Amino acid sequence: MAGASPAPPLWYHRDLSRAAAEELLARAARDGSFLVRDSESVSGAYALCVLFQKHVHTYRILPDEENFLAGQTSQGVQPKRFKTLLELIQLYLQPSQGLVTTLLFPVEREETTEERDYSDGEDEKPPLPPRTASTSSSAGSAPISPDTPPENVTASNGLSTISHEYLKGSYALDLEAVKQGANSLPHLNKTLVASCKRLHGEVDKVLCGLEILSKVFDQQSASMVSRMIQQTMSQGGDQELEHLVTKLAILKDLLHSHTLRLSSGSVPAPKSMGSWILSRGLGKTLDEMAVTIPHDIYVFGTQENSVCDKEWVETLRCALKDYTETDYKPIAVQTLWNIKILCYLFVIVCFLGNKGAVGVSFMFNGTSFGFVNCHLTSGNEKIHRRNQNYLDILRQLSLGDKQLNSFDISLRFTHLFWFGDLNYRLDMDIQEILNYINRKEFEPLLKVDQLNLEREKNKVFLRFAEEEITYPPTYRYERGSRDTYVWQKQKATGMRTNVPSWCDRILWKSYPETHIVCNSYGCTDDIVTSDHSPVFGTFEVGVTSQFVSKKGLPKSSEQAYIEFENIEAIVKTASRTKFFIEFYSTCLEEFKKSFENDTQSSDNVNFLRVSWSSKQLTTLKPILSDIEYLQDQHLLLTVKSLDGYESYGECVLALKSMIGSTTQQFHTYLSHRGEETGNIRGSMRVRVPSERMGTRERLYEWISVDKDETGGPKGRTLPPRAGHDYGLWHDESSSSSLSVECSVGEWLQKLGLQHYEAGLLHNGWDDLEFLSDITEEDLEEAGIHDPAHKKIMLASLKQQQQQK
């Protein structure tokens, strides 16, 4: 039996973030202060952080093929290897070992139960372990600390030792017996019996526990359970293995029958879900005509849902068919405890969930979507724990393109939707809350809503959006009714107060210069099986097509380029290392890196200004050079350090407004692990060759419906509309014509030049019919001086004239 591994040293802070490590060292405020944390860039590696002259220096500690540890050294320098992290640190506690200073003062971790306890007092479920082979552990095994060599763990495994001894000695005896005509393997039997001795005791404990449960909850079957257990106790002797197999078979049957009984006693799915599916109820809802039009995608998220997955999938599928008269195929279902997320669509998805959340993601043509359903810690006072839940999910949920692992999930998708029982409460006296609800005055309550307050402080959901709330708090109702809030609950620890709150929310985050509109956001008032009212939201979202260039891959003379004149970033750090930038985009064959920054300066010890000139910045070549393709693309940037290759901030830029023959300015914020860590600005341009400037107009219309006998439409039909596929429209034309019914603003938006609308309207060019006579001089008078932009407009107007 393996002994407990030693506790990790207090200077080892596990998965502490880089920013938090710098804060702890700054608080220590003594040269030689140090701590060790997990590396953010390399799995299984560590980062040694040392404070010297108010600056933090970071050294990477990497494992080799034999799991020995070594500090990262300059090229040509032979690294010293250590079996454990403790041995390595002990060396650097001695002077003159190559660090900027000797390690003098260990900074101990500030672990508290409030920070890491994920139970909420109602359902004591621990978080799932990470689903990677390097960190998961089986039941009964001791965790591996930084001080425990991996080879020691294998040696302490009792089963592997017994098996090894059998193969080394007794195996030959059994083999010889078989050659002599024996029909059994006595030595192997003894080995298996010895290996399974502990398992006998564990099974007996479980069987006894089931016997007690059956007497308490299921008296009818209690006598049968007792009889079955007595049979297993009476066996023994030479038939030890058969005895164990019998026990396991009985255990399986008992667990199966108890599971069925417990499931049958759970709360069933509501009989009618029409209000949820059709977004009817309280708050912002769809109008009666829009309700009849089905959506392309339905994503359902539930918490405390004990209905089995198969039944829940079929229940929702049937409900969708009943209310939309459309067959939807379930393409993703993911469950964590009683948290479920289910997606109906016509594409393939990837999914994974942990830490109190489940998620799905997929590509819809050229647009990426992510959906996260979570259930955070409950309790009025547990704001910090909910914030930590969110940050853990943001960092650890494996979702989306694996090439974007440098970015958290809030930047991996064109559109990310995050919903569930977030459990944030209202900080107000219960009687005041009830009075405001009775008067339907929600604004004073929203001002004390914990989620709104935490978002204002940039603690959670950085730069996410939420539609205005115009419906009453969705929690905590009396089951079976929506007239009464039950705000007191008797617990073993005493009376617990649950003030009415908007626990159930839907938020989203989209890339810049994309189209998304929330058409409804409310709650149902007729589904009463839970103490929460289900929340719904419907969205109109722009999607890009799978673009195929009619001109094929660009020749060298037709290649588009993304060029940078300069970039300047201000990052939140006490480090003074050098930095480089990595560029990611679906329009690039692979990610690209800049050279290290030219200059850096600091007016504040906690911030660093770093700059790159055009010589240090690489020119990017998109795989396609057509302007129509590039207008839909985005570029992701991450600023990384040379010493630890860890990110200090990430951002996303839209290429649409960067297209032109002159440089354009950009300025946006940097974030890392859900925290704003600085800002970045610069000058760049997307240079598109004239041969690739042509655009094609796409027209969309609502799906048509038949007329009934009276001649009136059975459903809502709307006129054709120009633009991207924002709703349930289909492509009717791939020609390059321009609809004369478009406004000047819509025409400019199609070309990606909407910022010129004010100038044109001011000069009287407010009608597309008259625009056909506009000249290059007229465009300049309207404030359009970029030659490439003028060329795009004139070419588009010429095409329109030719097709009349």
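Nothing fancy with the numbering, it's 1 onward along the sequence. Keep in mind that the numbers below use all heavy atoms, side chains included, and drop hydrogens, waters and symmetry copies. On a predicted model such as this, the values are computed, not experimentally measured, just so you know.
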Side chain of [X], backbone of [Y]: donor and acceptor closer than 3.5 Å?
{"X": "R412", "Y": "F407", "result": "yes"}
{"X": "N365", "Y": "T367", "result": "no"}
{"X": "E540", "Y": "V517", "result": "no"}
{"X": "N597", "Y": "T599", "result": "yes"}
{"X": "Q616", "Y": "E596", "result": "yes"}
{"X": "Y46", "Y": "G71", "result": "no"}
{"X": "S594", "Y": "I581", "result": "yes"}
{"X": "D598", "Y": "S613", "result": "yes"}

From [X] atom [atom1] to [Y] atom [atom2], the distance as rounded to the nearest 0.5 Å:
{"X": "T618", "Y": "E582", "atom1": "OG1", "atom2": "CD", "answer": "12.5 Å"}
{"X": "N566", "Y": "R681", "atom1": "CG", "atom2": "CZ", "answer": "9.0 Å"}
{"X": "L416", "Y": "Y511", "atom1": "CG", "atom2": "OH", "answer": "10.0 Å"}
{"X": "L636", "Y": "Y584", "atom1": "CG", "atom2": "OH", "answer": "9.5 Å"}
{"X": "I623", "Y": "C587", "atom1": "CD1", "atom2": "SG", "answer": "7.0 Å"}
{"X": "Q403", "Y": "L588", "atom1": "CD", "atom2": "CG", "answer": "10.5 Å"}

Using every non-hydrogen atom in the two residues, find where [X] and [Y] come nearest and quote the distance to one decimal.
{"X": "L748", "Y": "Y756", "result": "CD1-C, 4.0 Å"}
{"X": "W508", "Y": "E467", "result": "CZ3-N, 3.5 Å"}
{"X": "D408", "Y": "R673", "result": "OD2-N, 3.8 Å"}
{"X": "T586", "Y": "Y629", "result": "O-OH, 3.8 Å"}
{"X": "L794", "Y": "I774", "result": "CD2-O, 3.9 Å"}
{"X": "C49", "Y": "T58", "result": "SG-OG1, 4.2 Å"}

Basic-acidic side-chain contact under 4.0 Å: [X], [Y]:
{"X": "E676", "Y": "R463", "result": "yes"}
{"X": "E675", "Y": "K572", "result": "yes"}
{"X": "K621", "Y": "E589", "result": "no"}
{"X": "E776", "Y": "K790", "result": "yes"}
{"X": "K578", "Y": "D643", "result": "no"}
{"X": "E466", "Y": "R455", "result": "yes"}
{"X": "R685", "Y": "E563", "result": "yes"}
{"X": "K640", "Y": "E646", "result": "no"}

Taking atom types as modelled, is there a side-chain donor on [X] or [Y] under 3.5 Å from an acceptor on the other?
{"X": "T538", "Y": "N519", "answer": "no"}
{"X": "S368", "Y": "T414", "answer": "yes"}
{"X": "R576", "Y": "S602", "answer": "yes"}
{"X": "H672", "Y": "E40", "answer": "yes"}
{"X": "S41", "Y": "S39", "answer": "yes"}
{"X": "S406", "Y": "S647", "answer": "no"}
{"X": "S611", "Y": "Q600", "answer": "no"}
{"X": "S657", "Y": "E513", "answer": "yes"}

When you compare the side chain of S575 with that of L608, does any pair of heavy atoms fall below 4.5 Å?
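The answer is no, as the side chains (C-beta and beyond) never meet within the 4.5 Å cut-off.
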Around atom CG of D603, are there more than 12 heavy atoms from other residues, nucleotides or ligands closer than 6.0 Å?
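Counting neighbours around CG of D603, 12 or fewer heavy atoms of other residues, nucleotides or ligands fall under 6.0 Å, so no.
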How far apart are the C-alpha atoms of F417 and F539, what are their side-chain angles, what is the distance that settles it, and do they pass the ring-ring contact (aromatic ring centres under 6.0 Å, His included) test?
CA-CA 10 Å; F417 297 88; F539 295 82; 4.9 Å; yes
For a side-chain contact (heavy atoms from CB on, under 4.5 Å) check, start with the C-alpha distance between N679 and T668, then their side-chain angles and the critical distance, and finish with the verdict.
CA-CA 6 Å; N679 60 74; T668 187; over 6 Å; no
Starting from the C-alpha separation in whole Å, work towards a yes-or-no answer on side-chain contact (heavy atoms from CB on, under 4.5 Å) for L760 and I784.
CA-CA 9 Å; L760 286 170; I784 305 165; 4.1 Å; yes
Determine the sole option in Y648, W612, Y645 for which the ring-ring contact (aromatic ring centres under 6.0 Å, His included) test with F579 is passed.
Y648
Please step through salt bridge (Lys or Arg N to Asp or Glu O under 4.0 Å) for the pair D632 and K656, ending with a clear verdict.
CA-CA 7 Å; D632 289 329; K656 180 186 289 186; 5.4 Å; no
Does the separation of the ring centres of Y390 and F461 fall below 6.0 angstrom?
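For Y390 and F461, the ring centres are under 6.0 Å apart.
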Applying ring-ring contact (aromatic ring centres under 6.0 Å, His included) to F591 and F583, what does each step give before you reach the verdict?
CA-CA 5 Å; F591 81 91; F583 303 90; 9.9 Å; no
